[in-house]
2 protein chains.
Amino acid sequence: MRKLLTIVVADDHAIVREGLKLLLSTMDHVSVVAEAADGETLTTIVRASSPDLVILDLGMPGVAGVQFISELRTVAPRMKILVLTANIEPRTVRAVIAAGASGYLTKTGDPAELNAALDAMLRNEIYLSQSVRFAIDDPRSHEPPPLTGAALSPIPLTRREMQILSLAAQGLTARETADRLGISPLTARKHRENLMRKLSLHNTAEIAAYALRIGLPIG
Amino acid sequence: MRKLLTIVVADDHAIVREGLKLLLSTMDHVSVVAEAADGETLTTIVRASSPDLVILDLGMPGVAGVQFISELRTVAPRMKILVLTANIEPRTVRAVIAAGASGYLTKTGDPAELNAALDAMLRNEIYLSQSVRFAIDDPRSHEPPPLTGAALSPIPLTRREMQILSLAAQGLTARETADRLGISPLTARKHRENLMRKLSLHNTAEIAAYALRIGLPIG
DNA sequence: GTTGATATACGGCAGGTGCCGTATTTCGTC
DNA sequence: GACGAAATACGGCACCTGCCGTATATCAAC
């Protein structure tokens, strides 16, 4: 029998809070103990009720972006912070996680991810929405993140494979891709085959769907 | 016994859609028949399913502000439009109502207002959130503006073409599509070619991207 | 300095795609 | 009942794809 998880919902949009509460009410071992519509209220509540977890909208008044997360962590170091926001900027994602949040959900993402996020966070893992997961996987962003052993890269693609994935998703043929990158069409084709095998994709449509799902920029 | 009210929920934030659906599911005589995450999808759905009411977020992609409301009204003149937005500018409120919306809810407002809004709108009244009610002196004095000429042409696909679009986007070949639909592979191919010409698509990747963009059910 | 991952490159083969035709049937509308 | 839109069906052809090999150069890591 799992311990009851106490949650505070913080979002300035009442409709979002209501939706979250209803979503959470369908889950077991979870209880929404309070809600807040601004940063000051949230801080007060956290101080008073020491919840296990807060679901935090970064867009609300009195929440000066990422810095607020650090402040929250000084107030309640062991409390988990799940950020829920419309922002999908890789830089923001990295900053949020670096500041100490344990999860990052996008408002455009599948609500079913909420469940997965809570589960992962309870296992002391970091959870990212599908749509922003590439932000951490991207090799260019590899400032060794101070993550607590959170293995969140299901299938790593190489830089080249990422490029080919993006171009293929835009409908470029192997020949066109090769021209664009200045390599042989046969090589482009090989990269494409490799990434397809890695990701268990079987045709161009699935490539495009995958690329869009992980939020890759598509022309 | 009141007639069942069919509703389409349109918001690019999945979490908000989910919250709205859950809220609406607690009400009687109300059924959410579809949802949309962008304007184009919404237009297609409205055309296809003629809902009684749409709950519309003005901030979503493909919804060019107030003008989109006018366009929606040319598509479905008798459909009620309830705008749900974070915007509390009096000017916006007035513009939205002038464009033909029957209700204006703010996201920061009390979710209980949703019920009141639906009731009022079904009585052919205009409903405004408490927080923006000051913006308009006498909401009841509203006369819907005359419908202007069409000025809206998202390329219409036939029912069959829609089906083929969806299946092709999932990576099915012409043969597989044909098997699924019980028609000749050559016919499936022809439908696919026709829809591609209509939509100016040139390969499977673009088909998949398009289908996902308009929110067609994939996978 | 050997190992492993990455990137490069080539080729065969079956099957699928995209574009070009044409043609018949069905069905709702005027 | 005439008409147009939609759905059905067939075929050729160049090209591309997806899957199967193989092979070499580079470079970081151990």
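Hydrogens, waters and symmetry mates are skipped; everything else that's a heavy atom, side chains included, is used.
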Checklist entry - Do Asp57(B) and Lys107(B) sit within salt-bridge range, that is, some charged N less than 4.0 Å from a carboxylate O? => result yes
Next on the checklist: By the 4.0 Å heavy-atom rule, please label His191(A) as base, sugar-phosphate, or nothing.
Outcome noted: base
Checklist entry - Base, sugar-phosphate alone, or nothing: which one does Arg197(B) contact when heavy atoms must sit under 4.0 Å apart? => result nothing
Checklist entry - Under a 4.0 Å heavy-atom cut-off, which of residues 174-187 of chain A touch DNA chain C? => result Ile183(A), Ser184(A), Leu186(A), Thr187(A)
[X] [atom1] to [N] [atom2]: how many Å, rounded?
X	N	atom1	atom2	result
Glu193(A)	dC19(D)	CD	P	8 Å
His202(A)	dT17(D)	NE2	C1'	14 Å
Asn194(B)	dA5(D)	CG	P	13 Å
Asn203(A)	dC16(D)	CG	C1'	13 Å

Checklist entry - Given dT17(D), is OP1 or OP2 found less than 4.0 Å from the side-chain N or O atoms of Thr173(B)? => result no
If I take atom [atom1] from residue [X] and atom [atom2] from residue [Y], how far apart are they, to the nearest 0.5 angstrom?
X	Y	atom1	atom2	value
Leu172(B)	Ser166(B)	CG	OG	9.0 Å
Ile207(B)	Leu167(B)	CD1	CG	11.0 Å
Leu105(B)	Tyr127(B)	CG	OH	6.5 Å

Next on the checklist: With heavy-atom distances below 4.5 Å as the criterion, would you say the side chains of Glu161(B) and Leu165(B) are in contact?
Outcome noted: no
Next on the checklist: Within the structure provided, determine whether Leu58(A) and Leu56(A) are in side-chain contact (heavy-atom separation under 4.5 Å).
Outcome noted: yes
Next on the checklist: With no hydrogens and no angle check, just 3.5 Å: does a side-chain donor-acceptor pair link Thr6(A) and Asp52(A)?
Outcome noted: yes
Next on the checklist: Need to verify one output field. Residue with the more 5' nearest nucleotide on DNA chain D, Ile164(B) or Arg189(B)?
Outcome noted: Ile164(B)
Next on the checklist: For the backbone of Ala14(B) and the side chain of Glu18(B), can you confirm whether one donor and one acceptor N or O come within less than 3.5 Å of each other?
Outcome noted: no
Next on the checklist: Using a 4.0 Å cut-off to any heavy atom of chain B, which nucleotides of DNA chain C are the first and last in contact, reading 5' to 3'?
Outcome noted: dG16(C) to dT22(C)
Would you mind writing out the side-chain donor-acceptor pairs for residues 178-189 of chain A within the sub-3.5 Å range, not counting sequence neighbours?
unit_1	atom_1	unit_2	atom_2	d
Ser184(A)	OG	Leu186(A)	N	3.0

